There are 2 protein chains.
Amino acid sequence: MVEDAGTEVAVGRDGGQAIRRAVALLREVSASKAKGLGAKLSGLAEATGLTQPTAHRLLAVLLKEGLLERDSASRAYRLGPLLYEFGLAAAPRVDVRRMCGPTLDRIAAEAGDTAYLNSRSGTDALCLDRREGSFEIRALPVEVGNRRPLGVGAGALAVLASLPPGEADLVVAANEGRYRRHGLIADKVRTAIEATRARGFAVTTGRIVARYRGVAVAVGNGVGGVPVALSVIAIAERLDVRRIEAVAALLRREEAALRAAISGSLTTHKGRAA
Amino acid sequence: MVEDAGTEVAVGRDGGQAIRRAVALLREVSASKAKGLGAKLSGLAEATGLTQPTAHRLLAVLLKEGLLERDSASRAYRLGPLLYEFGLAAAPRVDVRRMCGPTLDRIAAEAGDTAYLNSRSGTDALCLDRREGSFEIRALPVEVGNRRPLGVGAGALAVLASLPPGEADLVVAANEGRYRRHGLIADKVRTAIEATRARGFAVTTGRIVARYRGVAVAVGNGVGGVPVALSVIAIAERLDVRRIEAVAALLRREEAALRAAISGSLTTHKGRAA
DNA sequence: CAGGAACTTCCGCAATGTGGAAGTTGATGT
DNA sequence: ACATCAACTTCCACATTGCGGAAGTTCCTG
């Protein structure tokens, strides 16, 4: 293990190597679900900085334990039944999803396109929820539970840009190597963050396939301490310059309402210290 | 590591010690949620057969990774935010929960007491879903996601008794040490399995607190290959001998209907090979 | 405030996990 | 159909990671 630092998680080097690596693999499998191509051994090894034999052995254990399953045809790994089961038992710290449900409903209804709720999870953005609009052609590139590096996609970019600058820089640096797989590089992300901050909302065009376009607004200081963003994704033609502004206005309006609703029920759940 | 074999998982001794132990701890934390008392270090160490320092170190890593959280007041561990998030992304093999939803609705409505859906997960029973009835006093000892050794509780007993005898014996043997914490021993469980098989349904009285009583019926050959049981739990007074029979009849009726519905939509999802 | 239990830290030893290299399987192109 | 290549899997000698007994600390409980 002479490797350069930086490939790995880089902080907290004491103990738990195997477990940390295993969790990194799980996160990567979870992230790979977003991009169409499944989570193959080689890709996972590369993304986590592990050698192929090591990744293989760890994955085999995770498989046997039921944390992962493997598609026999494509050989791709995916999250397993035990994780689903744990998910049933694990209550979220703050139920961001429920708190934002009505907001999402209204956004999807009014915009007619798909509304998304994204939150921060470490250096990832996580799709917490979504609502489909009434328009015939639905843009559904991301599914609930999907995970990708902060900065990739409208919602994820809005979340990233809403973090304190120092924090955002750290995240971008940590994700440096992962952006390439999404057709991005760190510098482009940094530029996009600036633009998002200046504009007040995020706009993106699907990188791999330029078929979709997204508009996103971060929620004030987050929901119960968790940074989140509201976004709308549609096929590119449906989001021309004019409509982008309209959707952004809608998102901003809903963001303000949501923030008000949250501070109203502030005393309900007190945040837990880390 | 001179320890006696049998304390650990006992099969598949090759590789992945750290990860296997970590998963065992997660399962135990998940199981401890059921019994009122939280998952303390000492209990987890004992239940998993680890020494306290080892358990402590592993738990610390799981904590740092976000798979667990810790209640600062009680020092008890509980499943963390990352597991909730993975749960969103992990689709269940077969959506047992949705397939049985209407059945549960009807049982709860007709019985007036709480209806439960339990499935097998390894050597555990897992509460997949529940519906509250209309009766004023609700028996809600178990929550969705809760996990306890197969054999503990009506639903868990019905599931266990529905397994092939050899398989059930293995499970009971594997759970040997865990029954004590629920006021049971392996031999009592074996007797209860026999009684359940003879009777055609399971009846239990809460062991730790004899306040509740439960009636359960296993679903034919399981749902999509997963062994499951339907059950009704109520305060003991509400389930006297006469009503037990009535509830059992209701459960059996619903079980038959469910089985019919399943075999009707058989071709929909083909089971995935292990 | 003393006694005890639960939790946390320490550290030398060795079992577990590591990754280069070789072997196997399966996909792709001619 | 066959050759070529890439992706996956297995093997094994080595040392890093993880282990747990013992000692220290904190937090209850009487």
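Order of the sequence lines fixes the chain letters, A, B, ..., with proteins taken first and strands second; residue numbering starts at 1 for each chain. Quick caveat, the model's predicted, so the values are computed rather than measured.
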*Asp124(A)/Arg148(A) salt bridge by N-O under 4.0 Å criterion*: no
*Quick one: Arg21(A) CZ to dT16(D) C1', roughly how many Å, whole number?*
10 Å
*Rounding to a whole Å, what distance do you find between Glu46(B):CD and dC7(C):P?*
12 Å
_One thing to verify: whether Arg27(B) and Glu65(A) come together as a salt bridge, which I'm taking to mean a side-chain N less than 4.0 angstrom from a carboxylate O._
yes
Check the interface with nucleotides 7-9 of chain D: list each N/O to N/O pair with the protein under 3.5 Å, or write none.
unit_1 : atom_1 : unit_2   : atom_2 : d
dC8(D) : OP2    : Ser42(A) : N      : 2.9
dC8(D) : OP2    : Ser42(A) : OG     : 2.9
dT9(D) : OP1    : Arg70(A) : NH1    : 2.9
dT9(D) : OP2    : His56(A) : NE2    : 3.1
dT9(D) : OP2    : Arg70(A) : NH1    : 3.3
dT9(D) : OP2    : Arg70(A) : NH2    : 3.4
dT9(D) : O5'    : His56(A) : NE2    : 3.2

_Tell me if a side-chain donor or acceptor on Ser30(B) pairs with a main-chain N or O of Leu26(B) at a distance below 3.5 Å._
no
_Rounded interatomic separation in angstrom, taking CD1 from Ile19(B) and P from dC19(D)_ = 12 Å
*asked:* Would you say CG of Asp169(B) has more than 12 non-hydrogen atoms from neighbouring residues, nucleotides or ligands within 6.0 angstrom?
replied: yes
*Quick one: Leu50(B) CG to dT16(C) P, roughly how many Å, whole number?*
13 Å
_By nearest heavy atom, map Ala18(A) and Ala73(A) onto DNA chain C; which one lands nearer the 5' end?_
Ala18(A)
*asked:* Taking the basic N atoms (NZ, or NE/NH1/NH2) and the acidic carboxylate oxygens, is any pair closer than 4.0 Å for Arg120(B) and Glu167(B)?
replied: yes
*With no hydrogens and no angle check, is any side-chain donor or acceptor of Asn175(B) less than 3.5 Å from a backbone partner on Arg178(B)?*
no
*asked:* For dC19(D) and Arg57(B) - does any side-chain N or O of the residue sit under 4.0 Å from the phosphate oxygens OP1/OP2?
replied: yes
